[in-house]
Amino acid sequence: MASTRTLDLSTCEREPIQIPGSIQPHGLLLVIDQSNDQILQAAGDAAQLLGYRGEVLGETTHEVLGTSLVDLLQLPETVLVREPTYLGFLEPGNGKKGLVITGHQAHATTILELEPAGAPASAARTLASIRSMTERLSDASELTDACFLAAREVRRLTGFDRVMVYQFLSDCSGVVVAEDKDAHLTPFLNHRYPASDIPKQARELYRRSALRIIPNVEYTPAPIMPMRSPLTDEPLDMSQCILRSVSPVHLRYLKNMGVGASMSVSLLPSGKLWGLIACHNATAKFLPYEVQEKCRHVGHILSQQIWSREEVKAYRRRHELAGAQSKLLGDLSGDDAHDTLLDLCAELQTAIPSNGVAVCWRGSVAKAGEVPPESCVRQLAMWLLHEKSQYPVFVTDRLSEHYSEAVQFTAEASGLLSITLVSDEPTILMWFRAEQVEEINWAGNPHEPAEPGISPGTLNPRKSFATWKEEVRGRSTPWEPVVVESAEIFASRIAFVLQQRRVRDLNGLLRKANEQLSTLATTDALTGVANRRAFDEFLDREWARASRVSRPLALTIVDVDFFKQYNDFFGHLMGDECLKQVAQALQESRRETDFVARIGGEEFAIVLPDTDRDGARNVAEAARARIEKLRINHPKSPTGFVTASFGVATRIPEETGTVQDLIQVADQALYDAKNSGRNRVVCAEQNSPMG
């Protein structure tokens with residue numbers, strides 16, 4: 001039993017699923033040398049899909065596909081990245097079905113993938129469908145409702161028997177939070193799946209590649225020839241490939257579930273793997289690329305909804321806790337801070353939500369709420385001081401698994417969040433959460449070890465997915481990430497307050513406070529970039545310097561398009577978050593010598609010393625593209641996403657005008673950018689007069 005369990009935990013996580021060496025045979029994969037258009041590796045039946053009877057390897061894409069790689073990449077708005085990008089539609093002729101071509105970069109090669117295309121749909125119909133999906137998901141009152149709507153929409157698009165929204169939990173197990181299915185199927189809603197069902201490297205692939213489809217679990221893999229790249233002598237990394245062949249263990253897992261075809265769409269709010277839209281069908285089912293893209297879009301919209309709703313919830317929680325903590329810190333600001341802390345023990349429960357709290361200092365113990373006996377609290381404090389003092393904040397929702405003595409008081413303290421302030425007289429603050437007995441409906445017994453496979457060192461996945469109920473004890477309600485984050489901030493702030501009484505150099509404290517005030521005076525509190533005051537001072541200095549050395553000075557003024565409508569639709573909290581992301585995009589686009597500031601509302605400015613008109617345009621265009629690529633959902637914008645307009649002006653001060661002229665010309669260029677359609681860069685002629 002023990003050896004099988006070890007095998008279960010190690011073998012699956014070491015399986016190199018990103019280099020399977022084969023593809024699913026419904027498509028064709030070609031690896032192209034970018035330097036000469038030559039096909040280096042290939043997989044799939046070119047004769048069946050293209051009617052091409054010759055040897056593919058060594059030929060050019062023009063010979064095999066009738067079009068060169070250069071021609072494919074010359075399509076409008078085509079920029080290859082590490083994720084598959086749509087390159088066009090191929091009509092092979094000879095009675096063969098049309099194919100969709102996608103491509104992505106991999107080192108010095110381009111990987112092309114060809115899949116059968118579906119029935120063409122008009123652009124208007126597709127856009128109307130996407131707009132309708134976006135509105136329905138955005139209008140959902142709760143995140144759970146949005147998940148059910150997404151499951152229903154994907155099932156409508158695909159015709160799969162079952163579509164689930166699957167959320168990963170903190171221990172990497174997963175739970176089905178929404179489901180839409182055929183009436184005859186056994187429901188999986190609220191069923192839990194162990195972390196071993198989707199091992200670590202599989203979760204990483206889900207994060208890197210947003211869509212995976214298996215049209216037929218009974219497929220025979222089509223091998224990649226040759227197995228190793230002629231350029232690198234390494235197996236082909238297929239992490240981003242749509243046609244990538246699937247782990248045999250996963251295929252057996254699906255067969256054990258009675259699944260004949262599957263698809264998954266990753267849910268990636270802020271780039272983090274939150275969960276999946278998982279689709280199952282009892283029989284084989286092929287989905288055209290167009291349908292796959294619509295499902296990918298549903299996943300993107302739902303990811304945006306998850307991010308925005310969780311951010312708003314976290315913001316409100318963070319604000320609430322910060323208020324309670326600030327009040328406590330104010331009460332502790334006197335000379336007898338430690339004594340006050342003991343006296344205010346009960347108020348500490350407002351700082352960190354809990355069932356009970358205890359404070360230990362100089363042998364004294366203060367308690368409030370539901371806490372273990374005082375002797376147990378003292379012993380726990382000693383354990384924290386000697387075993388966990390390296391962590392400013394220690395957090396667990398299963399204390400007895402870390403501290404065996406806690407089995408005596410799991411009812412009062414299955415969960416613990418502690419702050420240990422190490423000094424000559426250590427202070428230990430402990431917040432307790434009571435045991436919360438949980439009954440979990442597992443999809444099969446998660447504690448049964450996997451069976452060894454036929455080949456040495458391989459495994460067979462579990463076969464039973466029947467509901468298996470487990471009562472879990474000794475655990476509390478988990479500590480929410482925002483609460484832990486708040487506790488870490490509180491720990492640092494309370495440590496400062498408690499150490500203040502030791503500080504005798506008041507001049508040093510005053511100097512530090514003045515430095516902080518100086519920083520605040522020149523920094524925009526919301527976005528972290530420079531404020532209007534700092535902008536005016538910097539621009540005046542640079543204008544004077546440019547006058548002395550006869551060098552050009554450029555100014556770009558940036559305005560977020562349709563921001564009022566964004567604020568009206570999402571509210572000011574989300575509006576603030578939008579401005580933060582725009583400011584970050586501007587900072588990431590600037591050069592080392594450029595200066596970014598927020599000069600009012602949704603308006604920003606970039607000062608570019610020693611920069612002519614073309615240089616300023618390049619920086620502005622890079623910033624515009626970076627903001628557009630944020631893909632911040634904006635239903636009230638024609639593009640569907642947040643964009644920005646840029647006005648650019650350049651002056652050589654000794655030749656013409658004043659610094660105010662420079663601002664006015666840039667402002668006029670911004671006005672022209674907005675009047676000509678927004679989401680663009682307009683540059684005034686260098687040293688042109690106002691007009």
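Heavy atoms only: backbone and side chains are in, while hydrogens, waters and symmetry mates are out.
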For residues S589 and R626, is any side-chain donor paired with an opposing acceptor at under 3.5 Å?
yes
Residue pair D594 / P609, side-chain heavy-atom distance below 4.5 Å:
yes
Say whether, by atom type as modelled, one donor and one acceptor occur between the side chain of E603 and the main chain of I557 under 3.5 angstrom.
no
Look at the rings of F168 and Y166 and say which category their plane angle falls in: under 30° parallel, 30 to 60° tilted, over 60° perpendicular.
perpendicular
Is the shortest side-chain heavy-atom distance between M574 and F569 below 4.5 Å?
no
For the backbone of P373 and the side chain of S375, can you confirm whether one donor and one acceptor N or O come within less than 3.5 Å of each other?
no
Parallel, tilted or perpendicular: which one describes the rings of H319 and Y315, with boundaries at 30° and 60°?
parallel
Side chains of F148 and L189, heavy atoms from C-beta outward: is any pair under 4.5 Å?
yes
CG of L399 to CZ of R475: how many Å apart, nearest 0.5 Å?
13.0 Å
Please name all residues satisfying side-chain contact (heavy atoms from CB on, under 4.5 Å) with V371, sequence neighbours left out, ordered by chain then number.
K367, F432
Pairwise side-chain contact, L579 with F604, heavy-atom cut-off 4.5 Å (strictly under)
yes
How many angstroms lie between CD in E588 and CD in Q581, if you round to the nearest 0.5 Å?
10.0 Å
Any side-chain heavy atom of E179 sitting closer than 4.5 Å to one from F188?
yes
More than 12 foreign heavy atoms under 6.0 Å from CZ of R296: is that the case here?
yes
Hey, are the side chains of Y206 and I198 touching, using non-hydrogen atoms and a 4.5 Å cut-off?
yes
Can you tell me if E142 has over 12 outside heavy atoms packed within less than 6.0 Å of its CD?
no
For E204, is there an ion pair with K200 - N to carboxylate O distance below 4.0 angstrom?
no
Contacts table for residues 408-421: side-chain donor-acceptor under 3.5 angstrom, sequence neighbours left out:
residue	atom	partner	partner atom	Å
Q408	NE2	E405	O	3.4
Q408	NE2	E405	OE1	2.7
S414	OG	T410	O	2.7

Anything under 30° is parallel, anything over 60° is perpendicular, the rest tilted; go ahead and classify H402 against F394.
perpendicular
Where do E320 and R316 land on the salt bridge (charged side-chain N to carboxylate O under 4.0 Å, His left out) test, with the steps shown first?
CA-CA 6 Å; E320 171 191 328; R316 290 172 178 167; over 6 Å; no
Show me the pairs that pass side chain to side chain donor-acceptor pair (under 3.5 Å) and involve residues 267-278, at least two apart or across chains.
S270-W307, W274-E310
Atom SG in C172, atom CG in D197: separation rounded to 0.5 Å?
12.5 Å
Taking 4.0 angstrom as the limit, do R378 and E374 come out as a salt bridge?
yes
Are E577 and I632 packed together at the side-chain level, in the sense that at least one heavy-atom pair is separated by less than 4.5 angstrom?
no
Test: D536 and R532 ion pair at under 4.0 Å:
yes
E370 atom CD, over 12 foreign heavy atoms within 6.0 Å:
no
Do the non-hydrogen side-chain atoms of P353 and R433 ever get within less than 4.5 Å of each other?
yes
